[in-house]
Amino acid sequence: MNAPTKLTPADFATDQEVRWCPGCGDYAILKGVQKTLADIGASPDNTVFVSGIGCAARFPYYVNSYGFHTIHGRAAAFATGVKLSNPELDVWVVGGDGDSLSIGGNHLFHLLRRNVDVQYLLFNNEIYGLTKGQYSPTSRVGTRSPSTPQGSVDQPANALQFSLGAGARFVARGIDISQKHLTEVLTRAHAHKGASMVEIIQNCVVYNDGAFEQFTAKKTAAETQIAVEDGKPLLFGKEKDKGLRLDPKTLTLEVVTIGENGVTEDDILVHDEKNRIIAGLLARMSAPEFPVAIGVLYCDPVESYESGLLGQVEAEESRHPGAQLNNLLRDGNTWTVGD
Amino acid sequence: MEGSVASSGSPDSQRKQIDSVVVRFAGDSGDGMQLTGSQFSSAAALAGNDLATFPDFPAEIRAPVGTTFGVSAFQINFGSRVIKTSGDQYDVLVAMNPAALKVSIANLREGGLVILDSGSFTERNLTKAGYAADPRQDGSLAQYQLMEIDISSMTLDVAKPLGLSQKEALRCKNMWTLGLVYWMYDRDPQPTVDWLQGKFGGKAPEVAEANIAALKAGHAFGETAEISGEATKFTVGQAEIEPGEYRLVQGSEALSWGLLAGTQLAGLEMLLASYPITPSSPVLHVLAGLKEFGVVTFQAEDEIAAVCAAIGGSYAGKLGITASSGPGVALKTEAIGLAIATELPLIVVNTQRAGPSTGMPTKTEQSDLYLSVYGRNADAPMPVLSVRSPGDAFDTAIEAVRIATKYMTPVTLLSDGYIANAAEPWLIPDMTTYTPFPKEKRTDPEGFHPFLRDPETLARPWAVPGTPGLMHRIGGIERDYDSGNISYEPANHQKMTDARHQKIDQIADDIPEQDVELGAPGGKLAIVGWGSTYGPINRGVSNMRDQGYDVSHIHLRYIWPLPRNLGELLRSYDKVIVAEMNTGQLRTLLRAELLVPAEGLNKVSGQPLKIVEIEEAIQQSLPQAKAAE
């Protein structure tokens with residue numbers, strides 16, 4: 001099936017009834033993904049969605065493609081196997097913050113480190129939804145939940161700093177309700193050859209409603225978010241009059257206003273998506289002190305894992321064309337016992 | 001009995017003719033005993049002997065020098081008769097230091113020969129080995145023949161002038177010893193000379209030269225020195241074995257090749273995903289070296305990732321295989337459940353070791369039968385096959401692939417540490433004589449349902465991503481009987497559970513009926529075994545049958561499902577004893593499944609079962625057998 005006609009987002013929907021809570025951010029993400037698939041001309045035959053366990057992990061059932069809903073935390077490992085089995089497949093992995101960073105933290109680390117060519121969509125709602133509201137590894141200190149009635153005491157993980165630390169070559173952030181921007185980020189993630197990590201800020205309407213309100217509220221978004229673009233100064237604000245300046249003495253970022261205290265646009269740091277240091281500084285910015293960075297924070301491709309590994313297999317195959325098992329079994333010292 | 005010295009009467013009056021002999025090389029971990037043993041195995045095999053080997057080494061890579069826990073040993077039983085085990089006791093013990101002597105002496109037969117390196121019997125080494133007094137002087141070796149040679153200094157004499165440091169030169173003493181043993185058993189040292197040249201000749205010619213010089217010096221020592229005593233010079237004739245081309249094969253090698261052979265017979269490609277673990281890692285190593293066959297190997301970050309990647313590989317169209325040992329397989333169980341639920345082919349190789357927990361990683365045991373048959377959450381049946389010897393691993397691995405692909409199911413393939421490391425001569429199979437069992441993947445979208453079963457095999461279609469028009473979603477949540485969509489319908493869950501069971505149960509119709517290895521159906525006593533206990537049980541039963549005992553040997557390859565006729569067969573004996581290296585796992589299974597009052601012969605010492613242990617069990621069970629003769 002060579003799909004000559006261009007598919008629409010609706011073509012990527014299945015007949016399955018979507019079972020997320022009404023108002024869940026996952027609906028918006030599903031819509032964004034389906035639109036991206038249509039935009040990039042994805043072939044449903046050749047697309048695979050792999051997921052672990054959790055609310056987010058139901059995702060494959062709702063995308064008209066191949067889908068594998070696996071076990072908790074291990075989606076990255078399954079996806080690695082899929083890619084090693086057939087590198088031509090376009091593989092998307094979907095997981096929540098618990099699935100990806102708690103039980104699956106090890107596998108995610110290695111998927112990113114190895115640079116397996118998949119898109120990893122980490123839906124971060126800072127809570128366990130499917131198990132009814134326990135705090136998660138990304139929950140902020142003091143989160144009250146059924147398992148932390150006095151408030152959580154452990155420091156949260158930052159998904160993108162984790163990813164950069166693991167050696168990921170593509171790190172980006174989007175927001176469930178920022179559809180247009182999310183689609184752009186997903187398109188970039190898909191174009192990147194290697195592991196693409198996309199953290200998607202997602203509102204859990206039942207257990208953690210409004211957790212990100214501080215920077216996602218439409219009214220104030222211009223002042224609380226910064227959409228980074230490669231080669232462009234890191235400006236934000238309704239009037240694009242605020243920016244990020246690097247303090248070379250402390251190697252930290254500070255928010256400055258152009259025109260105040262002698263600050264000009266030349267003082268503003270220019271985003272370089274190949275600069276891992278800048279990416280790290282951007283990834284850790286949090287509200288209210290800083291605007292939250294969205295977009296492609298880091299993109300610096302190197303050869304993907306399956307390309308390197310399967311390349312070795314191909315090289316050996318062409319060095320020994322028509323290798324025969326019968327010859328292998330007779331290689332080395334053999335002797336013949338006569339009749 | 002195997003391993004005993006037979007009557008003399010050699011054409012060569014200088015050499016005593018014997019039909020089999022057991023030699024154990026024991027030394028420090030760094031003394032190269034495994035290498036010495038494997039070279040000697042090759043020499044024995046090339047001379048036409050049948051043989052069985054038992055590499056017995058510590059988990060520590062380099063344990064402190066001279067300690068008993070650092071002793072590494074290699075035992076070989078070779079002969080002009082069919083050899084079935086590495087031998088209960090040894091005829092010759094080569095001890096490179098006091099610790100090696102201390103650890104190994106107990107299993108030297110009375111009157112056996114001890115060759116020891118007197119140069120290593122220093123006060124310091126004796127203390128390290130825990131000897132209060134020098135065993136050479138306190139009479140504790142009186143029942144053995146003792147051959148003391150200062151191997152250390154003789155090796156230094158030949159190796160050091162060739163430009164090696166003292167330490168490097170001393171490392172050649174294993175070759176000196178090997179040279180001597182070659183002389184004792186009239187073996188040609190040339191293949192080892194060639195091997196040394198091939199291994200070191202290019203990179204370190206002086207090392208090759210020194211080792212060869214040491215080997216030759218040891219050989220010459222035997223020829224020229226006045227070695228006295230009886231059991232020093234033997235001829236072991238050729239064994240009468242089936243004609244054909246042979247090679248030595250180790251269990252993990254044969255098993256790996258069998259997995260590849262099976263994959264090819266199924267018309268598939270292999271993805272092996274594993275995590276290093278003793279004693280399973282050689283499977284990963286062997287297959288990593290077979291890329292020219294299109295084999296893809298993936299060293300995963302952990303055991304769970306390994307099995308998950310293998311399942312992902314099968315989902316996408318290759319045959320996914322994961323190889324591990326007990327602790328690793330325990331970690332994989334949840335994912336294996338997913339492969340059962342989503343009905344994907346998968347091979348799980350378990351090279352068992354002594355446990356629980358870390359246990360004794362380099363020591364053998366058969367204690368993962370429960371884990372394999374029952375060890376998963378919920379009702380999760382899957383076939384379990386077991387390997388009985390290094391050579392048998394090849395064919396059993398092929399059979400595992402056949403079942404996994406035909407029935408779309410994970411299959412456990414049980415080996416153990418003894419089989420994995422042991423070597424035996426192997427009649428090399430001819431792949432053109434095997435019948436392929438090509439696995440078809442679904443390509444036709446017409447009438448496709450992901451879980452619509454083949455009416456005969458009950459297998460679901462294998463529809464892999466990338467196939468036009470067959471997009472579907474599967475997962476671990478209970479699936480609708482036809483569509484595979486999520487279903488919480490009570491009746492559907494019952495139906496799916498029943499179908500999963502029926503699918504595995506009916507594989508019993510597609511495997512051979514259980515045969516009797518030795519003896520006949522019906523009789524006084526059957527010894528039932530599985531896995532690596534094959535050799536000792538077979539030899540023990542054979543010896544006792546020779547003495548007139550009515551005893552048969554039955555050995556299982558199929559642990560789950562069991563062969564259809566097994567219950568009837570076992571009930572045809574007055575008494576059934578299950579001999580296994582665990583506390584009674586197969587016995588419990590047979591009692592539960594077949595209502596047979598089986599008894600147990602159980603051993604969990606980390607060492608293989610001995611022939612004499614089988615014989616004693618038979619004797620105790622059948623006290624009157626001899627009288628009936």
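Residue numbering restarts at 1 for every chain, and letters A, B, ... go by the order of the sequence lines.
Proximity to chain A is limited to the side chain of B:Leu338, based on heavy atoms less than 4.5 angstrom apart. Of the two parts of A:Leu84, the backbone and the side chain both hold a non-hydrogen atom closer than 4.5 Å to a non-hydrogen atom of chain B. For A:Tyr305, the part sitting under 4.5 Å from any heavy atom of chain B is the side chain, from C-beta outward, and nothing else. Neither the backbone nor the side chain of A:Val50 has a heavy atom closer than 4.5 Å to any heavy atom of chain B. Using a 4.5 Å cut-off between heavy atoms, A:Leu328 contacts chain B through both its backbone and its side chain. Both the backbone and the side chain of A:Gln312 have a heavy atom closer than 4.5 Å to some heavy atom of chain B. Both the backbone and the side chain of A:Arg330 come within less than 4.5 Å of a heavy atom of chain B. At a 4.5 Å heavy-atom cutoff, the contact between A:Val313 and chain B is made by backbone and side-chain atoms alike.
Atom CH2 of residue B:Trp426 and atom OG1 of residue A:Thr334 lie 12.0 Å apart, to the nearest 0.5 angstrom.
For NZ of B:Lys441, the number of neighbouring non-hydrogen atoms (other residues, nucleotides, ligands) closer than 6.0 Å is greater than 12. Within a 6.0 Å radius of CD in B:Glu240, no more than 12 heavy atoms belonging to other residues, nucleotides or ligands are found. Within 6.0 Å of OH on A:Tyr62 lie more than 12 heavy atoms contributed by other residues, nucleotides or ligands.
Annotation: side chain of A:Val48 is in contact with side chain of B:Tyr315 (closest heavy-atom distance under 4.5 Å). Side-chain contact between B:Tyr434 and A:Leu325 is absent, with no heavy-atom pair separated by less than 4.5 Å. Using a 4.5 Å heavy-atom cutoff, the side chains of B:Pro468 and A:Asn46 are not in contact.
In this structure, a donor-acceptor pair under 3.5 Å is absent between the side chains of B:Glu245 and A:Thr336.
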TODO: List the steps and the verdict of side chain to side chain contact (heavy atoms under 4.5 Å, CB included) for B:Ile477 and A:Arg58.
DONE: CA-CA 10 Å; B:Ile477 301 183; A:Arg58 293 294 182 96; 3.6 Å; yes
Task: Candidate pair B:Val296 and A:Leu309, rule side chain to side chain contact (heavy atoms under 4.5 Å, CB included), full reasoning - done: CA-CA 8 Å; B:Val296 179; A:Leu309 185 67; 3.9 Å; yes
Task: Audit row: B:Arg473, A:Gln16, side chain to side chain contact (heavy atoms under 4.5 Å, CB included) steps and yes/no - done: CA-CA 10 Å; B:Arg473 275 67 50 191; A:Gln16 296 298 292; 5.6 Å; no
Open item on the list: Evaluate B:Leu248 against A:Asn333 for side chain to side chain contact (heavy atoms under 4.5 Å, CB included), listing each step before the verdict.
Closed with: CA-CA 8 Å; B:Leu248 275 185; A:Asn333 271 342; over 6 Å; no
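Using cut-offs of 30° and 60° for the angle between ring planes, the B:His472 and A:Tyr66 rings count as perpendicular.
The candidate from B:Val464, B:Leu260, B:Val295 with the greatest count of non-hydrogen atom pairs under 4.5 Å with chain A is B:Val464. Comparing B:Leu427, B:Thr297, B:Ile304 by how many heavy-atom pairs each has under 4.5 Å with chain A, the most go to B:Ile304. Highest contact tally toward chain A, considering only B:Thr467, B:Ile311, B:Thr342, is held by B:Thr467 [criterion: heavy-atom pairs under 4.5 Å]. When each of B:Ser42, B:Gly337, B:Gly313 is checked for heavy-atom pairs under 4.5 Å with chain A, B:Gly313 comes out on top. For the set B:Ala335, B:Pro425, B:Gly294, the count of heavy-atom pairs under 4.5 angstrom toward chain A peaks at B:Gly294. Between chain A and the residues B:Asp430, B:Leu271, B:Thr432, the largest count of heavy-atom pairs under 4.5 Å involves B:Asp430.
In summary, B:Glu301 and A:Arg114 engage in a salt bridge, as defined by a charged side-chain N under 4.0 Å from a carboxylate O.
Across B:Cys308 and A:Arg74, no two heavy atoms sit closer than the pair SG-CB, 3.5 Å.
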